[in-house]
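One structure is given here, and the rest of the page talks about it.
Residues take their numbers from the sequence shown, with the count starting at 1.
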Amino acid sequence: MRYYLVAGEASGDLHGANLMKALKEEDPAAEFRYYGGDKMKSEGGELKKHYSEMAFMGFTEVLMNLRTIFRNMKACKADVLAYHPDVLILIDFPGFNLKIAEFAKANGIKVAYYISPKVWAWNQKRVLKIKKIVDKLFCILPFEVEFYKGWGMEVDYVGNPLLDEIAQFTPDPDFKTKYKLDKDIIALLPGSRKQEIERLLPDMLSVTAAFPDQQFVVAAAPSFEAAYYEQFISTANVTLVFGQTYQLLHVAKAAIVASGTATLETALFHVPQVVVYRGGKISVAIARMLVNIRFISLVNLIMDRKVVTELIQEDCNTQQITARVKDLLQGEVRTTMLADYAELSGKMGTAGASERTAKLIISYLKGR
């Protein structure tokens, strides 16, 4: 069968690639066309547009790039229609993908949505529209099933694809030696987008002088050069590691993490963390008016209580981060967080999200 996938950021590219691999197991003659990235490209098929041309953060950033977004959307609709796949598989990225879903449904194309839109965060009535334009919805967060059920929509919980990635992870016994890491490690995960790195990394690095006995290691994105990160670094106890976030988390004692998927990854590696977020003032002001959730980190959202501290906007500063990191290195805060992480792992279930999703998509297409 013919599959068209749309992923608009790095995490979507990763999950899209794993789903493509699983679909090929079920359907060896599968043909793919997609908006995605290098990981999806490595699975074959035809890459129509790279996610690096599509990812914009925050309300103001989106407004500033509306022309590009609309141009990408128009091109995607035309290409989906020309290809006319057996199924369109949309991966997260709801601002873009829900428009594509609506278009595809209007043109008689079956729509599957993998990693459901986070409509529980704001404007929950969007579920009513999703019911009309999405044929099969696959959730990766345990609490989403009950949320959608409350709106009269049946969905499938397939587990979280991060568990698949972590299950495949093999520790490198020489990692610490390779990077001359002989102290306790504090991992810095500032994200992969230029906007978030430039907003968060200076705050993260501002605490390094307060921890001379620890080694700070930045999980650097392969899409940037070392010189880009080095402009922010002013102390000697900072090391850059490119494209090896899991190796870093495997050996880290604590972490400072940008809000996003990385907070859940860090928790699943059982690394005590403080979560930080800093957005544009206008974007954050709008979000505070619209967003209807108690927490921003996936760890706290899944547990439905505060497990990790979230430092947002003005709270994301040297003094606050320093205090929180000290708590993470030893004592009751660290012990309690590790116990909460064990409970979180139980809630998340087991690996195999990609395989389960692929089987459900094939079953749906074959009318079983």
Side-chain angles (χ1 to χ4, degrees), residues 1-24 27 29-119 123 126-138 193 223 357-358 360-362 364-366:
M1 286 183 276
R2 291 149 59 90
Y3 306 86
Y4 201 113
L5 296 89
V6 183
E9 49 203 350
S11 61
D13 177 38
L14 170 65
H15 302 323
N18 286 334
L19 181 58
M20 288 167 67
K21 190 184 300 181
L23 284 166
K24 286 189 288 186
D27 178 9
E31 295 178 14
F32 299 105
R33 194 151 155 159
Y34 46 90
Y35 276 40
D38 299 336
K39 287 184 169 63
M40 291 171 73
K41 191 175 181 180
S42 70
E43 292 299 324
E46 186 177 357
L47 173 65
K48 293 301 293 183
K49 186 171 288 289
H50 199 282
Y51 70 78
S52 59
E53 300 176 53
M54 299 169 64
F56 301 104
M57 274 184 73
F59 296 101
T60 52
E61 291 80 7
V62 167
L63 286 173
M64 289 168 59
N65 290 280
L66 273 178
R67 186 173 295 179
T68 301
I69 293 168
F70 285 135
R71 186 165 59 242
N72 288 341
M73 207 172 281
K74 184 178 179 181
C76 185
K77 288 176 180 178
D79 200 54
V80 167
L81 195 59
Y83 190 64
H84 207 90
D86 290 285
V87 64
L88 170 68
I89 303 172
L90 305 168
I91 304 169
D92 204 359
F93 205 50
F96 188 94
N97 274 339
L98 287 175
K99 296 289 187 187
I100 303 301
E102 187 174 18
F103 172 83
K105 188 68 176 175
N107 284 277
I109 297 169
K110 291 176 179 176
V111 179
Y113 210 120
Y114 180 44
I115 307 180
S116 63
K118 297 173 181 65
V119 291
N123 193 6
R126 287 182 295 167
V127 176
L128 300 175
K129 183 174 183 179
I130 291 171
K131 284 173 70 175
K132 293 177 183 176
I133 62 175
V134 173
D135 297 300
K136 294 293 288 183
L137 186 63
F138 305 105
R193 296 187 184 102
S223 50
T357 305
L360 287 166
I361 289 173
I362 298 289
Y364 164 65
L365 292 176
K366 291 184 175 178

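Nearest approach of Ala101 to Val134, heavy atoms of both residues: CB-CG2, 4.5 Å. When all heavy atoms of Arg126 and Val119 are compared, the pair lying nearest together is NH2-CA, 3.4 Å. In this structure, Phe138 and Ala112 approach most closely via the heavy-atom pair CE1-CB, 4.0 Å. In plain terms, the two heavy atoms of Lys77 and Lys99 that are nearest each other are CE-O, 4.0 Å. Closest approach of Ile91 to Tyr113, counting heavy atoms only: C-CE2, 4.4 Å. The minimum heavy-atom distance between Lys49 and Leu47, with the atom names listed, is O-CD1, 3.3 Å.
Residues Lys48 and Glu46 are paired through a salt bridge, judged by an N-O separation under 4.0 Å between the basic side chain and the carboxylate. Checked for salt-bridge contact, Lys41 and Asp13 miss the test: no charged N lies under 4.0 Å from a carboxylate O.
Under 3.5 Å, the side chains of Tyr35 and Asn72 contain no donor-acceptor pair of N or O atoms.
Counting heavy atoms from C-beta on, the side chains of Phe103 and Cys76 never come closer than 4.5 Å. Taking the side chain as every heavy atom from C-beta outward, Leu98 and Ile130 approach each other to under 4.5 Å. Inter-residue side-chain proximity for His50 and Asp38 is flagged as met; some heavy-atom pair is nearer than 4.5 Å. By the 4.5 Å heavy-atom criterion applied to side chains, Ile100 and Tyr4 are not counted as neighbours. Between Met1 and Ile362, the closest side-chain pair of non-hydrogen atoms falls below 4.5 Å. In this structure, the side chains of Tyr83 and Glu31 come closer than 4.5 Å at one or more pairs of heavy atoms. A heavy-atom distance below 4.5 Å is found between the side chains of Phe32 and Leu23. Inter-residue side-chain proximity for Tyr3 and Val87 is flagged as met; some heavy-atom pair is nearer than 4.5 Å.
In Lys24, the NZ atom is crowded: over 12 heavy atoms of neighbouring residues, nucleotides or ligands sit closer than 6.0 Å. No more than 12 heavy atoms of other residues, nucleotides or ligands lie within 6.0 Å of NZ in Lys39, so this atom counts as exposed by the packing criterion.
To the nearest 0.5 Å, atom CG of residue Leu137 and atom NZ of residue Lys131 are 12.0 Å apart. Separating the CG atom in Leu88 from the CG atom in Leu5 is a distance of 8.0 Å, to the nearest 0.5 Å. Going from atom OH of Tyr114 over to atom OG1 of Thr357 covers 4.5 Å, rounded to the nearest 0.5 Å. Between Asp79 atom CG and Lys74 atom NZ the span is 14.0 Å, to the nearest 0.5 Å. Ile361 CD1 to Lys110 NZ: the interatomic distance, rounded to the nearest 0.5 Å, is 12.0 Å. Rounding to the nearest 0.5 Å places CD1 of Ile89 at 11.5 Å from CD1 of Ile115.
Asp86 places a side-chain N or O within 3.5 Å of a backbone atom of Arg2 that can act as its donor or acceptor partner.
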Take Asp92 and Lys118, measure what side-chain contact (heavy atoms from CB on, under 4.5 Å) needs, and give me the verdict at the end. CA-CA 8 Å; Asp92 204 359; Lys118 297 173 181 65; 3.7 Å; yes

Might you work through the side-chain contact (heavy atoms from CB on, under 4.5 Å) test for Met40 and Met20, ending with a clear yes or no? CA-CA 7 Å; Met40 291 171 73; Met20 288 167 67; 3.9 Å; yes

